[in-house]
Amino acid sequence: MQDASPATYPIRSAAADGLRLSERLSARTLLIGGVMVVVLALFIGAEQDPDFWWHLRIGQWMVVNGRLPSTDIFTFTASSHVWTDHEYLTEILMWLVYSTLGLQVLVILFGLLTWAGFWLLYLQVRKQPFVFIGVGLALAAIAGSPVWGPRAQMITFALSCLELYWLRAYLSGRSRAIMWFPLVMVGWANLHGGWVIGFVWLGVAIASELWGWAWDRNDAGHWMHVRRLAIVALVSGVAVAATPHFLSLYPYPFQTQGSEAQQRLIVEWASPNFHNVELRPFEGMIFLVIGGFALRRPSVYDLVLAAVGIGLALQSVRNIALFIAAVTPVLIDTYGRWWTEFEASQRWRWSLPPRPAFAAITAVALIVITGATSLRVASSISPARQAQLDTSNYPAGAADWLAAHPDVGTRMFNQYGFGGYLAYRFYPQPNRRVFIFGEAALMGDGLLNEYADVYYVRSNWRQVLDKYRVDYVVENTGDPLPNLLATQPDWTLVYQDKTAVIYVRKTPSQTPR
């Protein structure tokens with residue numbers, strides 16, 4: 001018998017390739033792929049963080065001077081305060097990218113960093129039914145929308161996702177990659193002060209394994225996990241010292257968390273206000289994860305992890321990102337396992353269109369989704385859009401007026417959120433040093449409380465301004481202080497727009513008697 005014609009082999013190979021392609025372009029690909037593309041529009045957006053600008057300026061200062069700041073350089077009120085710049089490396093990298101590649105590239109990189117965290121969330125639950133994966137990831141992205149953006153906190157979010165991915169893999173016996181975590185901690189401690197949360201996640205894993213060991217002493221695996229994770233935690237604790245700050249970095253996170261003034265005065269450190277519509281998806285996730293535990297009993301690790309994540313987010317809005325990192329895999333895994341068990345008990349199954357037809361639909365849909373998302377991202381980070389947001393979010397017009405009148409004023413009182421932008425615009429001009437800016441731990445509770453006394457025009461507001469010899473004010477239009485200054489004979493309005501006002505104190509000779 002003769003061999004088959006060689007011409008038939010390419011035909012069979014092409015058919016096999018087509019089959020493999022149709023398997024890849026499935027309903028799972030369409031849903032999960034579409035979600036992972038669309039969420040980029042939430043992660044990559046225009047810069048709107050008030051702290052962004054002073055991060056850039058201090059990054060530039062460190063590059064120019066070749067050292068870290070030892071004390072505050074932007075204010076005339078806190079210039080003697082010791083500065084433990086816990087995110088110095090991030091600020092240097094931000095300035096280098098901004099100065100060489102521009103703002104658009106910088107916000108894209110931060111968006112991709114956040115997206116990488118979501119990819120790690122997906123990897124933790126990739127074996128669950130795809131509908132629950134897609135819906136769960138989409139809900140998590142929407143729930144975190146109040147905190148996403150080009151912010152240093154995204155580093156802590158992404159590294160938390162990495163650590164939790166490694167922990168889940170280790171506890172399930174799939175990987176020992178968590179043993180490399182001390183090396184991650186070296187980078188984390190140099191990039192952002194959120195490194196302390198890494199020990200919280202390790203503590204959750206150790207506590208859950210201790211519970212498992214106490215419940216079943218015959219299972220030696222739990223005790224082995226406890227010992228190894230304890231070693232990882234100990235070595236990671238030593239690794240934190242591998243920064244220019246050395247031992248002084250250790251107390252920093254606890255000083256921030258223990259600041260009553262920060263918790264009371266700064267919005268992102270306050271508890272969530274569920275009357276805000278943008279926080280409703282986050283609220284919904286809390287109810288869903290609790291409801292999921294009613295459907296299917298969670299593991300001790302998932303239960304403790306969800307409780308810690310919820311507790312952190314209820315304490316502070318900025319911790320919603322940590323909630324997303326911790327709770328999203330728990331939510332998807334809980335409902336996915338419940339559905340798998342439920343479906344196994346039924347005789348019916350989902351039916352989908354034939355693979356070749358659905359593959360074509362999937363390919364076209366993903367192309368359309370990718371194109372639409374790209375257009376949406378390009379529009380949101382365009383220079384024109386950024387300029388529009390800068391005008392509405394920051395005192396850009398007021399800063400232009402001050403630049404055109406360099407001799408006006410010697411000491412400024414500024415709205416807290418304006419401080420970073422004004423520092424970026426005017427440092428190192430001595431008469432444009434700010435009263436306060438967004439590094440609240442550096443400012444200290446004393447200064448924060450004095451700022452609040454003036455901002456809310458409490459009984460001693462004038463004494464505080466006199467104490468610091470303030471002779472001009474840059475404030476939000478419509479805030480209590482400008483409204484009061486409009487009635488004071490020793491203050492005069494020199495600039496006003498929809499965002500900011502400038503009041504200048506009259507000299508004694510100018511003040512009516």
Could you check whether [Y] and [X] have their ring centres less than 6.0 Å apart?
{"X": "Y503", "Y": "Y472", "value": "no"}
{"X": "F437", "Y": "F418", "value": "no"}
{"X": "F413", "Y": "Y451", "value": "yes"}

Is there a donor-acceptor pair closer than 3.5 Å between any side-chain N or O of [X] and the backbone N or O of [Y]?
{"X": "Y427", "Y": "R433", "answer": "no"}
{"X": "S145", "Y": "A141", "answer": "no"}
{"X": "N476", "Y": "D479", "answer": "no"}
{"X": "N319", "Y": "L312", "answer": "yes"}
{"X": "T487", "Y": "L484", "answer": "yes"}
{"X": "T114", "Y": "F110", "answer": "yes"}
{"X": "T84", "Y": "L249", "answer": "no"}
{"X": "N483", "Y": "G478", "answer": "yes"}
{"X": "N414", "Y": "F435", "answer": "yes"}
{"X": "N431", "Y": "P406", "answer": "yes"}

With a 4.5 Å heavy-atom cut-off, do [X] and [Y] have their side chains touching?
{"X": "V474", "Y": "Y495", "value": "no"}
{"X": "I197", "Y": "W188", "value": "yes"}
{"X": "S79", "Y": "I73", "value": "no"}
{"X": "W461", "Y": "L481", "value": "yes"}
{"X": "D333", "Y": "V330", "value": "no"}
{"X": "L305", "Y": "V327", "value": "no"}
{"X": "M36", "Y": "L137", "value": "yes"}
{"X": "V240", "Y": "V186", "value": "no"}

Notebook entry, point to check: Any salt bridge (Lys or Arg N to Asp or Glu O under 4.0 Å) pairs touching residues 95-117, not counting sequence neighbours?
Noted result: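 Non-adjacent pairs meeting salt bridge (Lys or Arg N to Asp or Glu O under 4.0 Å): zero.
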Next item on the list: Answer yes if the side chains of W61 and E91 hold a donor-acceptor pair under 3.5 Å, and no otherwise.
Entry: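 Side chains of W61 and E91: no pair found under 3.5 Å.
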Next item on the list: Would you kindly say whether Y468 and E450 are connected by a side-chain donor-acceptor distance under 3.5 Å?
Entry: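 Yes, a side-chain donor-acceptor pair sits under 3.5 Å.
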Notebook entry, point to check: With under 30° as parallel and over 60° as perpendicular, where do the rings of Y122 and W119 fit, or are they tilted in between?
Noted result: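 Tilted: the ring planes of Y122 and W119 meet at 30° to 60°.
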Check: Parallel, tilted or perpendicular: which describes the rings of F282 and F323, with under 30° parallel and over 60° perpendicular?
Finding: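 F282 and F323: perpendicular rings.
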Hey, are [X] and [Y] close enough for a salt bridge, meaning a charged N less than 4.0 Å from a carboxylate O?
{"X": "R411", "Y": "D471", "answer": "no"}
{"X": "D453", "Y": "R458", "answer": "yes"}
{"X": "R385", "Y": "D390", "answer": "no"}

Next item on the list: Tell me, with the steps shown, if S70 and W83 meet side chain to side chain donor-acceptor pair (under 3.5 Å).
Entry: CA-CA 5 Å; S70 56; W83 193 345; over 6 Å; no
Checklist line | Residue list, ring pair (Phe, Tyr, Trp, His ring centres under 6.0 Å) with Y165, at least two apart or on another chain | finding: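 None.
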Note to self: Once ring pair (Phe, Tyr, Trp, His ring centres under 6.0 Å) is applied, do any residues pair with H245, and if so which ones, sequence neighbours excluded?
What the structure shows: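 Applying ring pair (Phe, Tyr, Trp, His ring centres under 6.0 Å) to H245 gives none.
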Checklist line | Greater than 12 external heavy atoms within 6.0 Å of R462's CZ | finding: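 Yes, the 6.0 Å shell around CZ holds more than 12 heavy atoms from other groups.
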Margin query: For W401, is the CH2 atom crowded, meaning more than 12 foreign heavy atoms sit under 6.0 Å from it?
Written below: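 More than 12 heavy atoms, drawn from other residues, nucleotides or ligands, come within 6.0 Å of this atom.
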Could you tell me the separation between the [atom1] atom of [X] and the [atom2] atom of [Y], rounded to the nearest 0.5 Å?
{"X": "T492", "Y": "L485", "atom1": "OG1", "atom2": "CG", "result": "10.5 Å"}
{"X": "H192", "Y": "H86", "atom1": "NE2", "atom2": "NE2", "result": "5.5 Å"}
{"X": "I286", "Y": "L279", "atom1": "CD1", "atom2": "CG", "result": "9.5 Å"}
{"X": "L56", "Y": "E47", "atom1": "CG", "atom2": "CD", "result": "8.0 Å"}
{"X": "Q415", "Y": "I436", "atom1": "CD", "atom2": "CD1", "result": "9.5 Å"}
{"X": "R280", "Y": "H275", "atom1": "CZ", "atom2": "NE2", "result": "8.0 Å"}

Checklist line | Verdict with supporting geometry, L422 and W54, side-chain contact (heavy atoms from CB on, under 4.5 Å) | finding: CA-CA 8 Å; L422 294 169; W54 70 259; over 6 Å; no
Which atom names give the shortest non-hydrogen contact between [X] and [Y], and what distance separates them?
{"X": "V494", "Y": "V504", "answer": "CG2-CG2, 3.7 Å"}
{"X": "C161", "Y": "L121", "answer": "SG-CD2, 3.8 Å"}
{"X": "L229", "Y": "A205", "answer": "CD1-CB, 3.7 Å"}
{"X": "A396", "Y": "R425", "answer": "O-NH1, 3.8 Å"}
{"X": "P395", "Y": "A500", "answer": "CB-CB, 3.8 Å"}
{"X": "L389", "Y": "A46", "answer": "CD1-CB, 3.3 Å"}

Notebook entry, point to check: Pairs in or reaching into residues 193-208: which pass side chain to side chain donor-acceptor pair (under 3.5 Å), with residues at least two apart or in two chains?
Noted result: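 Of all non-adjacent pairs touching residues 193-208, those that pass side chain to side chain donor-acceptor pair (under 3.5 Å) are S160-W201.
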Check: Any side chain to side chain donor-acceptor pair (under 3.5 Å) pairs touching residues 97-111, not counting sequence neighbours?
Finding: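 Of all non-adjacent pairs touching residues 97-111, those that pass side chain to side chain donor-acceptor pair (under 3.5 Å) are Y98-Y424.
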Next item on the list: Check the pair F74, R57 against side-chain contact (heavy atoms from CB on, under 4.5 Å), reporting the backbone distance first and the verdict last.
Entry: CA-CA 10 Å; F74 294 135; R57 180 59 76 206; 3.5 Å; yes
Margin query: Please evaluate residues D490 and K506 with respect to the criterion salt bridge (charged side-chain N to carboxylate O under 4.0 Å, His left out), reporting the C-alpha separation (whole Å), side-chain torsions for both, the decisive distance (0.1 Å), and the verdict.
Written below: CA-CA 5 Å; D490 55 338; K506 298 177 182 178; over 6 Å; no
Next item on the list: Let me see the working for H55 and E87 under side-chain contact (heavy atoms from CB on, under 4.5 Å), right down to the final yes or no.
Entry: CA-CA 9 Å; H55 284 309; E87 48 200 356; 2.8 Å; yes
Checklist line | side-chain hydrogen bond (donor to acceptor under 3.5 Å, both in side chains) against Y301, all qualifying residues, sequence neighbours excluded | finding: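 Once residues adjacent in sequence are excluded, Y301 has no partner under the side-chain hydrogen bond (donor to acceptor under 3.5 Å, both in side chains) criterion.
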Next item on the list: Let me see the working for I381 and I108 under side-chain contact (heavy atoms from CB on, under 4.5 Å), right down to the final yes or no.
Entry: CA-CA 9 Å; I381 65 174; I108 289 172; 3.8 Å; yes
Note to self: By the definition side chain to side chain contact (heavy atoms under 4.5 Å, CB included), identify the one residue from I324, V39, I320 that meets it with W148.
What the structure shows: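 In the set I324, V39, I320, the residue that makes a side chain to side chain contact (heavy atoms under 4.5 Å, CB included) with W148 is I324.
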